[in-house]
Trainee: 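Once you've had a glance at the structure underneath, I'll fire off some questions.
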Amino acid sequence: MPTALPNIDSPLVKCIANEDPNYLSAYNVCLDQEEKLAAYENKLRYVRILGFLLLYAPNRAVRHEVVKCIHSRKNESDLTDVGQFFECYLIMPFKKYKGRTPKPSEHPSRPSFEAVKNQIKVDISVAPKNHHDAKRKALIRDNWRCIVTGLIDLDAPEDNIAQFEQSSPGIYTECAHIIPEATFFGLVPKSGENSKLDFSATLLAVLQRFHYDITKFNGEKVHSLTNVMTLQKDVHDRFDRLELYFEATSQKDHYEVKYYGRVPPNFQQFVTFSTRDPEHLPVPSPELLTLHATCCKVAKLSGSAEYIDRVYRDADEMDVLAPDGASGDVLSYLLSSLSNYSVGVQG
């Protein structure tokens, strides 16, 4: 269920208010609109996306950009458009079971953002779909185990298996990506009419405005070991569905594993990423793991994750259009609604 934004007396809100008065000012805009839009499910969700993104931003650079977006809007419609934009180009790309790619679109009032996006469309590289090498190296680094459960991969060498005393059977693992590898599939670089290219370029433009170095995971670099980890299939699925994330602790590369829903089997509450060869087998990027954690929190608390799941589930179950128009929500979401609100990031 969606969660209401915390009031201004909550510890989270006080924390961002102490960082910068502008943060509190922007958050108050969200609180005010949340009250006014209480009867409008979608608009309410968009406002909450902005509010929770302010509270759970992975760093001050991201929070600062979100504040700029909020303060640049002139009315309620502009504000909800921004929330919808972040749902489409920040939450959706990280969430499994994405629907059709939104159609390419531009916003004439955001020339700075569009210029960045168009340059990325030129520079973007297609990733190889075969990530065998990344999986093998991640297995070696992660000691042939699922990071979250500690269970050993069935393909592990015999000398590795001998190190473990476990009554549980071995499992097959998968190579999990933090920045989704699908971002770089199905692209036609330097093509202005490719909708998948436009969608991926917009996501990367958002991350660049959030001060992430997108060159580190462009094209084949999406398979970099700083962007991957070893997870068994059910855990990988929950990670990709934004139902499981890694919460950083005060100890370097040490995380608390948090999740929504049922406790994963063989779950370990805390995990530590380590490597014997930092140069050639680096651990996953703390910055990217924190970004993924932010997407999980915002998607869950705002109701975005639940809504996206519901819409796609309805689309899967719907063989024909309902004569009473009940399928309109599915159609608008899958075919056009998100693509019609590409408002961009304020330049």
Side-chain angles (χ1 to χ4, degrees), residues 1-87 89-91 94 110 112-113 206-212 242 245-252 255-256 258 260 286-306 343-347:
M1 292 293 292
T3 303
L5 293 173
N7 61 46
I8 58 174
D9 294 325
S10 71
L12 271 175
V13 179
K14 287 181 178 180
C15 183
I16 68 167
N18 290 334
E19 286 186 25
D20 189 326
N22 282 329
Y23 297 167
L24 180 60
S25 174
Y27 186 75
N28 277 328
V29 172
C30 296
L31 281 178
D32 180 61
Q33 290 301 312
E34 180 185 43
E35 183 178 355
K36 292 179 179 179
L37 299 173
Y40 303 91
E41 178 187 353
N42 288 344
K43 290 183 177 181
L44 181 62
R45 186 176 70 255
Y46 302 145
V47 168
R48 285 174 173 168
I49 286 173
L50 293 174
F52 284 119
L53 190 52
L54 274 175
L55 295 178
Y56 294 103
N59 54 58
R60 293 192 66 173
V62 172
R63 185 171 289 122
H64 182 69
E65 289 295 331
V66 176
V67 168
K68 285 172 60 179
C69 287
I70 293 173
H71 282 322
S72 70
R73 305 305 146 178
K74 298 179 180 179
N75 53 48
E76 167 203 306
S77 178
D78 283 348
L79 188 72
T80 55
D81 286 354
V82 179
Q84 191 172 33
F85 176 83
F86 283 126
E87 180 172 59
Y89 294 110
L90 187 62
I91 296 175
F94 279 86
R110 303 290 178 267
S112 176
F113 182 84
V206 170
L207 295 182
Q208 183 166 295
R209 289 302 293 265
F210 282 175
H211 299 267
Y212 289 93
L242 300 182
Y245 61 94
F246 297 85
E247 185 80 83
T249 68
S250 58
Q251 182 180 338
K252 185 177 174 14
Y255 299 85
E256 182 177 1
K258 295 193 173 183
Y260 299 116
E287 291 79 15
L288 296 185
L289 286 173
T290 302
L291 174 64
H292 177 270
T294 291
C295 290
C296 287
K297 297 169 189 175
V298 173
K300 174 65 176 179
L301 295 171
S302 68
S304 179
E306 179 183 352
V343 299
V345 178
Q346 176 69 27

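Side chains are part of it too, since the values below use all heavy atoms of this structure and drop only hydrogens, waters and symmetry mates.
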Trainee: Do you know the tightest heavy-atom contact between Asn22 and Val67?
Mentor: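 Nearest heavy atoms, Asn22 then Val67: O-CG1, 3.8 Å.
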
Trainee: Would you say that more than 12 heavy atoms from the other residues, nucleotides or ligands in this model lie under 6.0 Å from the CD of Glu35, or not?
Mentor: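 Open.
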
Trainee: With a 4.5 Å heavy-atom cut-off, do Leu90 and Phe210 have their side chains touching?
Mentor: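 Yes, at least one pair of side-chain atoms sits under 4.5 Å.
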
Trainee: With a 4.5 Å heavy-atom cut-off, do Leu79 and Tyr46 have their side chains touching?
Mentor: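 Leu79 vs Tyr46: side chains apart.
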
Trainee: Mind checking the NE2-OG1 spacing from His292 to Thr294? Nearest 0.5 Å is all I need.
Mentor: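 Going from NE2 on His292 over to OG1 on Thr294, the span is 10.5 Å.
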
Trainee: Quick check: do Leu54 and Ile70 have side-chain heavy atoms less than 4.5 Å from each other?
Mentor: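 The answer is yes; the side chains approach within 4.5 Å.
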
Trainee: Do Leu242 and Tyr260 have side chains that approach each other closer than 4.5 Å (heavy atoms only, starting at C-beta)?
Mentor: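 They are not in side-chain contact.
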
Trainee: To the nearest 0.5 Å, what is the distance between CG on Leu5 and CG on Leu55?
Mentor: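 Answer rounded to 0.5 Å: 7.0 Å.
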
Trainee: Could you walk me through whether Glu34 and Cys30 pass side-chain contact (heavy atoms from CB on, under 4.5 Å), step by step?
Mentor: CA-CA 6 Å; Glu34 180 185 43; Cys30 296; over 6 Å; no

Trainee: Could Arg45 and Glu306 be called an ion pair, given the rule that one side-chain N must be under 4.0 Å from one carboxylate O?
Mentor: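 Salt bridge absent between Arg45 and Glu306.
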
Trainee: Does the side-chain contact (heavy atoms from CB on, under 4.5 Å) test come out yes or no for Lys43 and Gln33, once each step is laid out?
Mentor: CA-CA 9 Å; Lys43 290 183 177 181; Gln33 290 301 312; over 6 Å; no

Trainee: Measuring from atom CG of Asn42 to atom CD of Gln84, what distance do you get when rounded to the nearest 0.5 angstrom?
Mentor: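 If we round to the nearest 0.5 Å, Asn42:CG and Gln84:CD are 7.5 Å apart.
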
Trainee: Just one of Ile8, Val13, Leu24 clears the side chain to side chain contact (heavy atoms under 4.5 Å, CB included) bar with Leu31, so which one?
Mentor: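 So the option named by the test is Ile8.
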
Trainee: Once rounded to the nearest 0.5 Å, what's the spacing between atom CG of Leu44 and atom CG of Leu37?
Mentor: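 Between atom CG of Leu44 and atom CG of Leu37 there are 7.0 Å.
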
Trainee: Atom OH of Tyr27 and atom CG of Leu12: how far apart are they, to the nearest 0.5 Å?
Mentor: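 One finds 8.0 Å between OH of Tyr27 and CG of Leu12.
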
Trainee: Would Glu76 and Lys36 pass as an ion pair if we require N to O under 4.0 Å?
Mentor: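 Lys36 and Glu76: not salt-bridged.
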
Trainee: Examine distances only and state if a side-chain atom of Asn18 and a backbone atom of Lys14 form a donor-acceptor pair shorter than 3.5 Å.
Mentor: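 Yes, the answer is positive, given that a donor and an acceptor are paired below the 3.5 Å cut-off.
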
Trainee: Any heavy-atom pair between the side chains of Leu291 and Leu207 that's under 4.5 Å?
Mentor: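 Of all side-chain heavy-atom pairs linking Leu291 with Leu207, at least one is under 4.5 Å.
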
Trainee: Looking only at heavy atoms, what is the nearest atom pair of Gly83 and Ile49, with distance?
Mentor: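 For Gly83 and Ile49, the tightest heavy-atom pair comes out as O-CD1, 3.9 Å.
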
Trainee: Where do Lys300 and Ala305 come nearest, in terms of heavy atoms and distance?
Mentor: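 Here Lys300 and Ala305 meet closest at N-CB, 4.3 Å.
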
Trainee: Is a donor on one side and an acceptor on the other found under 3.5 Å between the side chain of Ser302 and the backbone of Val298?
Mentor: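 Indeed, once roles are kept as given, a pair shorter than 3.5 Å links the two residues.
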
Trainee: Is there side-chain contact between Tyr56 and Cys296, with heavy atoms separated by less than 4.5 Å?
Mentor: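 Heavy-atom side-chain distance check fails, nothing below 4.5 Å.
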
Trainee: Tell me, do Tyr40 and Val47 make a side-chain contact under 4.5 Å, heavy atoms counted?
Mentor: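 Tyr40 does not reach Val47 side chain to side chain.
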
Trainee: Atom CZ in Arg63, atom CD1 in Ile16: separation rounded to 0.5 Å?
Mentor: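 That separation rounds to 6.0 Å.
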
Trainee: Run Lys297 and Phe52 through side-chain contact (heavy atoms from CB on, under 4.5 Å) and show every step you take.
Mentor: CA-CA 8 Å; Lys297 297 169 189 175; Phe52 284 119; over 6 Å; no

Trainee: Using side-chain contact (heavy atoms from CB on, under 4.5 Å), reason through Arg209 and Lys68 one step at a time and then give a plain yes or no.
Mentor: CA-CA 11 Å; Arg209 289 302 293 265; Lys68 285 172 60 179; 3.9 Å; yes

Trainee: To check you understand the geometry: which heavy-atom pair defines the closest contact between Ser25 and His71, and what is its length?
Mentor: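 Here Ser25 and His71 meet closest at OG-CE1, 3.2 Å.
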
Trainee: Would you mind reporting whether Arg60 and Tyr23 have side-chain heavy atoms less than 4.5 Å apart?
Mentor: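 SC-SC contact between Tyr23 and Arg60 confirmed.
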
Trainee: Fit a plane to each ring of Phe246 and Tyr255, take the angle between them on a 0 to 90° scale, and name the class: parallel (under 30°), tilted (30 to 60°) or perpendicular (over 60°).
Mentor: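 Rings of Phe246 and Tyr255: perpendicular, over 60°.
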
